[in-house]
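One structure is given here, and the rest of the page talks about it.
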Amino acid sequence: MKRALYLLLLIFVLVGCKSSRIVDQVQIIHAMGYDWKNGTYTGTAIYPTFKQGPMTKPDILTTESSTTYDLIPRLSSKSALPIEEGQMRLVLFGKAFAKKGITEIVHSLARNNKVGSHLQLAVAKGDAEELLRITAKTTLSDTLYLSNLVEQNIREMNLPNTNLHIFLYNYFGKGRDPFLPYFEKKGNFVKLEGLALFKDGHYVGRIDLRQSFLVKMLLDETKNGVYQLPISKEKQKGRVLLENLYATSKYSLKKGKKPVIDIRIHIRASIRDYPIWLDLPNKESFALIRHQMEKQLNKDISKLIRQFQTKEIDPLGIGDFVRSYTRHWNEKSFYKQYKKLTIRPHVKVDIVQTGIGE
Amino acid sequence: MSIFSFFFKRKPNNPKTLAQLLQKLKQSSDFATLEFDINGHDFSIAYFDSLVDPKLLQQQVLCHLQRDVSNYTTFSVRDLQQIIPVQRIEITSDVQTIETKLLKGFALIRFKNDERSWALINLANENLGLRQNNDSENEFSVVGPKVGFVENIGTNLHLLRRQINTPNLVFRELTIGTMSKTKVVIAYIDGIIDEQTLETVIQRVNEIEFDIVFDTSIIDQLLSDNSSSPFPSFVSTERVDRVVYALVGGQVAILADGSPYVITGPSTLFDFFTSPEDYYLPWVLGSFFRLIRMFGVMFSILASPVYVAVLTYHYEMIPKDLLGPIIFSRSNVPFPPTLEVLFLEITIELLREAGARLPTKVAQTLGIVGGIVIGQASVEAALTSNILLIIVSLAALASFTTPIFKMSNTIRFIRFPIILFASFWGGVGIAFAICLLLIHLGRLKSFGNPYLVPLYPLRVKDFADSFIRSSYPFTAKRPSYLRPQTFWRYDPNKAKKKKDIDE
């Protein structure tokens, strides 16, 4: 009985020690942008205010500092409510910032227990602040616009699966390099323009959205994505739109003095759009365009891998793959010969459907 | 033993002789004594006017005495049985017995020529003042019998005996209550019941020390293994089928005169969430509704604490599409989530309490006034958020799905400590509170039987009728935790056999 009384007393005394963050009494940031301009860092936070209704116009806070650490604390000095990053869905890096290195932010995010691993990271051509301001404009009017855009493109289109978790895996994992979605400002809109490639936490280049489909296919089995291919038949030239239904990739390693990596890619696809002169239900033209598609895809993939090899980056995780087959794998010695490594793609296309009707 | 000690120690001054007894009883105006002198046979009848059925007295006793006694030259107490058509006329010379029996509605007949033995005739009016209507009103089921127990124990025993047609059904009668002398019956099926359990029950019932037994729920509390637990130790029901099912499964039923509720035990936690309807519906549906009920209980206990914890401490885990509606609906509420929840929960408790106390017709109006007007108004006045209003009313609704009223009260009660835990320590607090709850449940016992069985201790084979209600070929075995003397209720192989038309 006495013990119970003490417990009760403790409960009432310790109530003062609680650190509550009541949901409507904090400033929830939905997206954060980092820029490097004229020798200072700029932080831009985009946050919603729900005073008039569940959906309202996004607001923007910006601040400058000489380090990245105190950007969020500095934002607090401009806000009526404490800033909380627990609902953050997107971190956008300006290109200049990304070139300078995102290591500090990534380490900070990796240790932050408030942010979830579904957080999206992305790179903006130009300033992150400018892009966030565009999304905050009335036409779009959504604090989650960019993160939704990324998620939609991962789910339905050409963007390979990315989020903080995958980024950190690629970043810290041996034998692989991270990549992020790449945005560009197009007039009054923000457009996804492919993938930004990183090496040791620095931006080193990008590939376009068409190539990012190839990356998506090479990384994992996927069930979506579209790819345009040129075809020709008896002097007639045109393009077909291939819609991926289910693609798998399988890597195999031939060891030896000159190791060879074979990538077998199997695409079950549907031809969504094709020129009228192409008589598709016809068996011959079927085989023809299949052949042409396979050839073209092989060429494109080879070119993409060539590009990675000249930049000495490994977003596909080939080093990691070789590591899994090699005892005493050494990162340094592998990447010394990475440039000269033979990587051969073998694409097989199965056309599952071409739409209904004759 | 404080200032009341004299009250317990005072020796009852029982009347020693019949004359003293009669003297004492005559203080009441409803105690009647009729004197007769028919043909030299000098006798008198004494009884309580308020307990005796006047029709019986006139037709069975007075009529025959007045007409037939004169035919006899010598007439003694022992000859009464020959002329009075009432069963079991008792001849006694014990004053104590006479006192108890008179108070139960017996009539005392004594002859002047025999001052040592007297006759007691049962003329008690069993049904006077008791309701005749025995619909089970509080535990309703759409399918199945609607017969319920009533206040009259004779009727209740009849209902049981009619359904369990075996000589093994045993009724053991005891008397409890120093003042009410209530007839309490322990019912069990011999050959199924575990001897040890039965001994425990009889011993505990015998040890009860109380003045007036108003209802079996008092016996329930006095018998309970842990009287300070909010959880009821025994199922108490007014449905006949529930009690019969319990008896057949190897449990004991305790009935008391004047109470339409029957206690069955030893009970487990699952017993409180099974409804007779589970057994009347096909097993797929029965299981589904049982699972819904259990989900309802979990929801009812956890919904508002989780709301408090998430909104106060863990805004990170709110889904992004829900964030806007939650913040918007809370933006004008001046209270922290804890007070907001307590305000609404207490409002609902008040509504329920008021609805239960008021007459039925007023209660309906009150439900509408409370539910719609107060709910709507408090949202419009920005005292609570409308999301919370939905959560709290759903939780209240879910708590009413529990078939046993006592358990549904418990569920409504244990929500409040969990809300406090959630408001002090957030999600950790809820986990902590649930742990405490589980520890408490794990320690609880009902007539010495574990309360959480078959979950703890784990009895895998007894899961056939726990979360899901398996089909009848699989429920042929009685639950092993009751340690029944015979395990099989019926032959499962015969129950499984399909009798086709060409057989």
Side-chain angles (χ1 to χ4, degrees), chain A residues 1 4 7-31 46-58 80-90 112-120 141-148 150-151, chain B residues 228-229 305-342 382-388 390-391 416-430 432-433 435-436 439-440:
Chain A
M1 197 58 216
L7 260 175
L8 211 70
L9 189 78
L10 262 184
I11 286 174
F12 282 107
V13 169
L14 287 176
V15 173
C17 306
K18 65 177 180 178
S19 60
S20 62
R21 297 162 296 161
I22 296 172
V23 68
D24 55 324
Q25 285 162 24
V26 290
Q27 195 66 267
I28 286 169
I29 303 180
H30 264 154
I46 184 160
Y47 63 89
T49 41
F50 301 105
K51 287 289 176 199
Q52 286 94 39
M55 295 286 292
T56 40
K57 192 170 160 273
L81 296 168
I83 300 265
E84 285 287 345
E85 69 265 37
Q87 282 278 350
M88 200 148 65
R89 306 283 161 159
L90 180 86
N112 194 338
N113 60 350
K114 281 182 189 169
V115 298
S117 53
H118 280 284
L119 172 75
Q120 294 292 351
S141 182
D142 188 359
T143 46
L144 295 168
Y145 174 73
L146 283 180
S147 56
N148 285 344
V150 171
E151 269 160 31
Chain B
S228 44
S229 167
V306 165
Y307 177 88
V308 170
V310 167
L311 263 69
T312 320
Y313 295 99
H314 316 294
Y315 72 91
E316 292 97 337
M317 59 182 286
I318 302 174
K320 62 182 176 190
D321 299 323
L322 213 56
L323 193 69
I326 285 182
I327 294 181
F328 174 59
S329 74
R330 253 198 67 80
S331 56
N332 291 321
V333 179
F335 310 120
T338 316
L339 282 185
E340 190 191 358
V341 166
L342 283 179
L383 284 177
T384 57
S385 68
N386 40 19
I387 289 184
L388 179 68
I390 296 168
I391 291 178
F416 287 93
I418 301 181
I419 289 174
L420 288 185
F421 270 101
S423 89
F424 293 150
W425 293 300
V428 183
I430 294 180
F432 192 66
C435 286
L436 286 183
I439 291 168
H440 174 69

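Fair warning: this is a prediction, and the values are worked out from it, not measured in the lab. Within every chain, numbering begins at 1; the chains are lettered A, B, ... in the order of the sequence lines, protein sequences first and strands thereafter.
Every residue meeting the ring-ring contact (aromatic ring centres under 6.0 Å, His included) condition with Phe421(B), not counting sequence neighbours, appears here in chain and number order: Trp425(B), Phe432(B). Annotation: side chain to side chain donor-acceptor pair (under 3.5 Å) contacts of Ser229(B) (sequence neighbours excluded): His440(B).
Distance CD1/Ile22(A) to CZ/Arg330(B): 6.0 Å, rounded to 0.5 Å. In this structure, Lys320(B) NZ and His118(A) NE2 are separated by 10.0 Å, a value rounded to the nearest 0.5 Å. Rounded to the nearest 0.5 angstrom, Glu85(A) CD and Glu316(B) CD are separated by 8.5 Å. Considering CD of Gln87(A) and CE of Met317(B), their distance stands at 10.5 Å, rounded to 0.5 Å. Rounded to the nearest 0.5 angstrom, Asp24(A) CG and Asn332(B) CG are separated by 9.5 Å.
In this structure, chain A has heavy atoms under 4.5 Å from both the backbone and the side chain of Ile318(B).
Proximity of a side-chain donor or acceptor of Tyr315(B) to a complementary backbone N or O of Arg21(A) within less than 3.5 Å is not detected.
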- Could you please spell out the steps behind the side-chain contact (heavy atoms from CB on, under 4.5 Å) verdict for Leu323(B) and Val23(A)? CA-CA 9 Å; Leu323(B) 193 69; Val23(A) 68; 4.3 Å; yes

